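Notes to accompany the following structure.
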Amino acid sequence: MFSEKMLALGKESSVIREIFEYGRKRKAEIGADRVFDFSLGNPSIPAPPSVEREIRRLLDTREPTLLHGYTSAAGAPEAREAVARAYSAASGLEIPSSLVYMACGAAAALTSVLGALICPGDEVILLSPFFPEYRVFAEKAGAAVVVVPTAAETFLPDVGAIGRALTDRTKAILLNSPNNPTGVIYPEGVLRELAALLEEKKRETGRPVFLISDEPYRKLAYGKTVPFPAALYPDTVVCSSFSKSLSLPGERIGYVIVSPACAASRDLFAAVCGAARSLGYVCAPSLMQYVIASCADGSADLAVYAENRRLLTEGLSRIGYSFAPPDGAFYLFLKAPDGDAAAFCERAKKKELLLVPGNSFGSPDYVRIAYCVKKETILGALPAFEALFAEYETEKRHD
C-alpha cells in the first residue's frame, strides 16, 4: 500500500532525534539541570541583534501581502544578490547572483543539487564519518553510495583511497568542512591534492566529478582558516544555510551556489531549479529571504562555542579520553574507551549523559558530542564523564 522504502525510513527515524526525544522525556522527569544532553546540533546562542532588528523593521514597514507572499522560484533578487556578494567577498571568487538559488535550508539545497546531478547508474562518494542524512539524500536521488573512510584519528580525506574508489560512474563527492561529526577542518593542501586527482580523472573520462561542498559550519572556526573548495576546483557546487552562523535552524533558510567555472554552469543551475521544483522546494521562506538580504554576511556571537570547546577539550583530556581536536563546527568526536560506541552511549545514559554513537556516521568506535549547549551543561557533565571513564579503567584492571 505504501512505499516500503519510505515506510522503513519513517519507522527507523534518526538516532540523533531519538536521543533528543529521550532527553526531553528525562528532563521532564528529573529536571533539565540533571540531564546533560549533547545529542542535537541545535544552536544554543541567540541570533545576532541585527537579525532581530531586521525582522522587526520588515514587519513594521513592509506591506504584509508582499512580505509574506511568494518570491521568485529561485529566490528574492535582493537575497540572491546579498548571498552572492557575501560569498564573493569571503572567497575571492566572482559569484553572479544568477547562479544563487535560495533554498529551504541546507537539506533542501543538498537534495536539490543531488537531484540535479544524478543520472541512473551514477555513484556518489561519501567520506566517513559523515552526517547520516547524506546517505538518505543520495540514495533518494538514485545514486549508489560509495563510502570512503577518512584517515584514522585525523579524519582528513584520504586522497589515495578516494582515487581507488573513483570509477567511470562517479558523479560527485560530498565534502563537509568544518565537519559534522568530527569538527575537523580540511586543510587547503589536502583539497588541492583532491582537486588535482579529479582534474586527472576528468581528462581520463571526459566528464567532471563534481564536488558538493556542504558548508553550514563555515563561520564556526577556532583559529584556523576554512578553505573554499570552489576556489580550488572549478566543478564545485556549494550548499549552505544560515542555521548555524545566524542561529536560525528552525527558519530553514539556505542556498545553493553553482560555481561559474562549473561545466555547463547555466544548465546545472537550471537543473537545480528543476530538482527543487520536483521536490516541492520552490520559494524558500520569504520573510527570512528578506532578512538575509540585509544580514547575509553577519554572524552570531560564536565566542560561546569557543569557550565550550575549551572547557570540554581540557576536561576530557585531563580525564584521559581520546578525541579528534575539533577546529570548527560545534562537535567533538570522542573515542569510546573499549571501541564500542553504542555500548558506551548506553552506559553514559545511566549517568544522564546523552551522546550519539558514531555507528550511523560510519564510525562505530566513536561518539559525537554536540557542545552547542549552556556552559553549565558542560561543567555539570564533566564529573559524569570522569566517573564513566573510571568504570572502564577499573574493568581493564580486572581483566
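Every value quoted in this text rests on a predicted model; they were computed, and no experiment measured them.
By the 6.0 Å and 45° rule, R17 does not stack over the aromatic ring of Y22. Stacking of R368 on the aromatic ring of F38 is not recorded, the 6.0 Å distance cut-off and the 45° axial limit not both being met.
Going from atom CE of M288 over to atom CD of E251 covers 4.5 Å, rounded to the nearest 0.5 Å. Atom-to-atom distance recorded for N42:CG and I16:CD1 is 12.0 Å, nearest 0.5 angstrom. In this structure, CG on L311 lies 5.5 Å from CG on L379, to the nearest 0.5 angstrom. Taking OG1 of T377 as the start and CG of N308 as the end, the distance is 8.5 Å to the nearest 0.5 Å. Between the NZ atom of K171 and the CG atom of L117 there is a distance of 6.0 Å, given to the nearest 0.5 Å. Between atom CG of residue N176 and atom CZ of residue F130 there is a gap of 11.5 Å, rounded to the nearest 0.5 Å.
Taking every heavy atom of both residues into account, Q289 and A76 meet most closely at OE1-N, 2.6 Å. Looking at every heavy atom in both residues, L355 comes nearest to I19 through O-CD1, 3.2 Å. Closest approach of S91 and F228 over heavy atoms only: CB-CD2, 3.5 Å. Taking every heavy atom of both residues into account, I55 and V291 meet most closely at CG1-CG2, 3.6 Å. Closest approach of A324 to V184, counting heavy atoms only: CB-CG2, 4.4 Å. Listed here is the closest heavy atom pair of P129 and F333: CG-CE2, 3.7 Å.
Between R192 and E188 there is a salt bridge, since a side-chain N of the basic residue sits under 4.0 Å from a carboxylate O of the acidic one. The pair K201-D168 meets the salt-bridge criterion, with a side-chain N (NZ, NE, NH1 or NH2) lying under 4.0 Å from an Asp/Glu carboxylate O. One finds a salt bridge joining R135 and E139 here, because a Lys/Arg side-chain nitrogen approaches an Asp/Glu carboxylate oxygen to under 4.0 Å. The pair R26-E29 meets the salt-bridge criterion, with a side-chain N (NZ, NE, NH1 or NH2) lying under 4.0 Å from an Asp/Glu carboxylate O. Ion pairing between R169 and D122 fails under the 4.0 Å rule for side-chain N and carboxylate O. Between R56 and E52 there is no salt bridge, since none of the side-chain N atoms of the basic residue sits less than 4.0 Å from a carboxylate O of the acidic one. Salt-bridge check for E215 with K244: failed, with every basic side-chain N at 4.0 Å or more from each acidic carboxylate O. A salt bridge is absent between E153 and K335: the closest approach of a Lys/Arg side-chain nitrogen to an acidic carboxylate oxygen does not fall below 4.0 angstrom. A salt bridge links E391 and R347; the closest N-O separation between the charged side-chain nitrogens and carboxylate oxygens is under 4.0 Å.
The shortest distance between side-chain heavy atoms of L166 and I125 falls below 4.5 Å. Within the 4.5 Å cutoff, no side-chain heavy atoms of D33 are placed close to those of E376.
Summarising the local packing, CZ of R57 is surrounded by more than 12 heavy atoms from other residues, nucleotides or ligands at distances under 6.0 Å. Within 6.0 Å of CD on E94 lie no more than 12 heavy atoms contributed by other residues, nucleotides or ligands. Environment of CZ in R34: sparse, with no more than 12 heavy atoms of neighbouring residues, nucleotides or ligands closer than 6.0 Å. R277 CZ: 12 or fewer foreign heavy atoms inside a 6.0 Å radius.
In this structure, Y305 has its ring center at least 6.0 angstrom away from the ring center of Y222. Under the 6.0 Å cut-off for aromatic ring centres, Y366 and F361 do not qualify, their centroids lying 6.0 Å or more apart. When ring centroids are compared, F36 and F385 stay outside the 6.0 Å threshold.
Under a hydrophobic-cluster definition in which Ile, Leu, Val, Met, Phe, Trp and Tyr are linked whenever side-chain heavy atoms come within less than 4.5 Å, directly or via other members, F210 and L110 are assigned to the same cluster. Criterion: ILVMFWY side-chain heavy atoms under 4.5 Å apart, direct or through other members. Under it, V258 and L93 are not part of a common hydrophobic cluster. Hydrophobic clustering, with ILVMFWY side chains joined whenever heavy atoms are under 4.5 angstrom apart, groups I369 together with F330.
Looking at Y87 and Y255, their side chains never bring a donor and an acceptor atom within 3.5 Å of each other. N179 and S177 share no side-chain donor-acceptor pair at under 3.5 Å. Side-chain atoms of S294 and E54 form a donor-acceptor pair, as typed in the model, at a separation below 3.5 Å.
Panel note: side chain T150, backbone S128; a donor-acceptor pair is recorded below 3.5 Å.
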Exercise. Passes salt bridge (Lys or Arg N to Asp or Glu O under 4.0 Å), E346 versus K349? Steps please.
Worked result: CA-CA 5 Å; E346 283 303 310; K349 269 186 183 179; 3.6 Å; yes

Problem set entry | E314/R310 under salt bridge (Lys or Arg N to Asp or Glu O under 4.0 Å): CA gap, chis, key distance, verdict | CA-CA 6 Å; E314 289 180 359; R310 184 190 68 79; 2.9 Å; yes

